[in-house]
2 protein chains.
Amino acid sequence: MKIELDGYDGRILAELQADARMSMTELGRRVHLSPPAVAERVRKLEAAGVITGYHACVDPAALGYAIRALVRVGRAEFARMTDTIAATAEVTGAWNVTGEDSWILEIAVTDVAHLDRVLTAFCALAQTSTAIILKTVRERGPLLPP
Amino acid sequence: MKIELDGYDGRILAELQADARMSMTELGRRVHLSPPAVAERVRKLEAAGVITGYHACVDPAALGYAIRALVRVGRAEFARMTDTIAATAEVTGAWNVTGEDSWILEIAVTDVAHLDRVLTAFCALAQTSTAIILKTVRERGPLLPP
DNA sequence: GCTGAAAGCCTCACGAT
DNA sequence: ATCGTGAGGCTTTCAGC
């Protein structure tokens, strides 16, 4: 599962993070490799766990999720928390972290009533503090080898 | 730029969020549409801004980013903040939010010295408080029509 | 990692519902 | 307006080198 990454791999990762549906032919053209060579490298990056998947990115607002928020949640029983997260589709991100608050959640809701419904589920487990997202300045920033 | 989404679109969004590199033939097979029909729907979802892109997902740890953190940053001059974010590739997410802290950043660094370097850049703008990510329970949770 | 051939995919035009 | 069918061109993939 470990792997040595060279310059080709770095450029491949950059291109596929920018456009995951790019053809292997086009990708090869951009990094100056033949289609079979670049396809084999991509296959190895997937097998090594460097590339974990390919995902379409959807605009929450376009689906009617007018409000996005980051919610801090205090110390709560781990299993109870993961169960509640698993049962809540509005949670788009969930991290267990160090600090006074043990959890940070990223949520998407349609309106204030919806926000209240989601927060109520987590208020039952621990104290919450909610920060409404005003502007998303960066998201899914591309990662390159250090 | 507005659009009515039916059951087909919902299933298409679910499939492409799970695997963005799926062929239109396979996608059509799964939602019970012909390849041209499903390709036309995907094209319209892109044009309407519902699908904003397709991205390969990379494991930070596999690239050597052993530490991920969520950093809260207090009130800072907006332009100064966006400039610093733009100049810092370690910032994988950046949100301007309501509350006592005006910003929440998601960062990926290789070690503690690297963490210090990144935090120092933002400490110059406002007070920061850093929460190291212990476990990622959910990330890029799929969004479906409400 | 490259080349070449076979299989599969994408996309266009066109006809049907 | 939207779907399905079929042909042509491109992409992917497997040998062999």
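The footprint of chain B on DNA chain C, defined by a heavy-atom cutoff below 4.0 Å, extends from C:dC9 to C:dC12.
Atom CD1 in B:I12 sits about 12 Å away from atom P in D:dT2, given to the nearest Å. For the pair B:R43 CZ and D:dC3 C1', the computed distance is 15 Å after rounding to whole Å.
Between A:R43 and A:E46, none of the side-chain N atoms (NZ, or NE/NH1/NH2) sits under 4.0 Å from a carboxylate O, so this pair counts as no salt bridge. Using a 4.0 Å cut-off between charged side-chain N and carboxylate O, A:R41 and A:D6 make a salt bridge. A salt bridge is defined here as a Lys NZ or Arg NE, NH1 or NH2 lying under 4.0 Å from an Asp or Glu carboxylate O, and B:R11 with B:E15 fails to meet this definition.
The minimum heavy-atom distance between B:L144 and B:G10, with the atom names listed, is CD2-O, 3.9 Å. Of all the heavy atoms in B:A62 and A:G49, the pair that sits closest is CB-O, 4.0 Å.
With hydrogens and angles left out, the side-chain atoms of A:Y54 and B:Q17 include no donor and acceptor closer than 3.5 Å.
Note that CD1 of A:I51 and CD1 of A:I12 are 8.0 Å apart. Values are rounded to the nearest 0.5 Å. Atom CG of A:N96 is separated from atom OG of A:S102 by 6.5 Å, given to the nearest 0.5 angstrom.
Relative to the axis of its first five pairs, the axis of the last five pairs of the helix from C:dG1-D:dC17 to C:dT17-D:dA1 sits at 30°, rounded to 10 degrees.
Between B:R41 and D:dC3 there is a side-chain polar atom (N or O) within less than 4.0 angstrom of OP1 or OP2.
Listed by first then second residue, pairs satisfying side chain to side chain donor-acceptor pair (under 3.5 Å) with a partner in residues 128-146 of chain B read B:R68-B:E139, B:R72-B:S129, not counting sequence neighbours.
Within residues 21-32 of chain A, the residues approaching DNA chain D are A:S23, A:M24, A:T25, by heavy-atom distance under 4.0 Å.
Where B:Y8 and A:A39 each meet DNA chain D at their nearest nucleotide, the meeting point lying more 5' is that of B:Y8.
Cluster annotation: B:I67 and B:L63 are assigned to distinct hydrophobic clusters (Ile/Leu/Val/Met/Phe/Trp/Tyr, side-chain heavy-atom contacts under 4.5 Å, transitive).
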- For the pair A:V73 and A:I104, evaluate side chain to side chain contact (heavy atoms under 4.5 Å, CB included) and give the outcome as yes or no after the intermediate values. CA-CA 6 Å; A:V73 182; A:I104 298 182; over 6 Å; no
- Take B:W95 and A:L70 through the side chain to side chain contact (heavy atoms under 4.5 Å, CB included) test and state the conclusion after the steps. CA-CA 9 Å; B:W95 297 272; A:L70 292 164; 4.0 Å; yes
N/O contacts under 3.5 Å, protein versus nucleotides 5-10 of chain D?
none

N/O donor-acceptor pairs under 3.5 Å from side chains in residues 75-84 of chain B, not counting sequence neighbours:
unit_1	atom_1	unit_2	atom_2	d
B:T82	OG1	B:F78	O	3.3
B:T82	OG1	B:A79	O	2.9
B:T84	OG1	B:R80	O	2.8

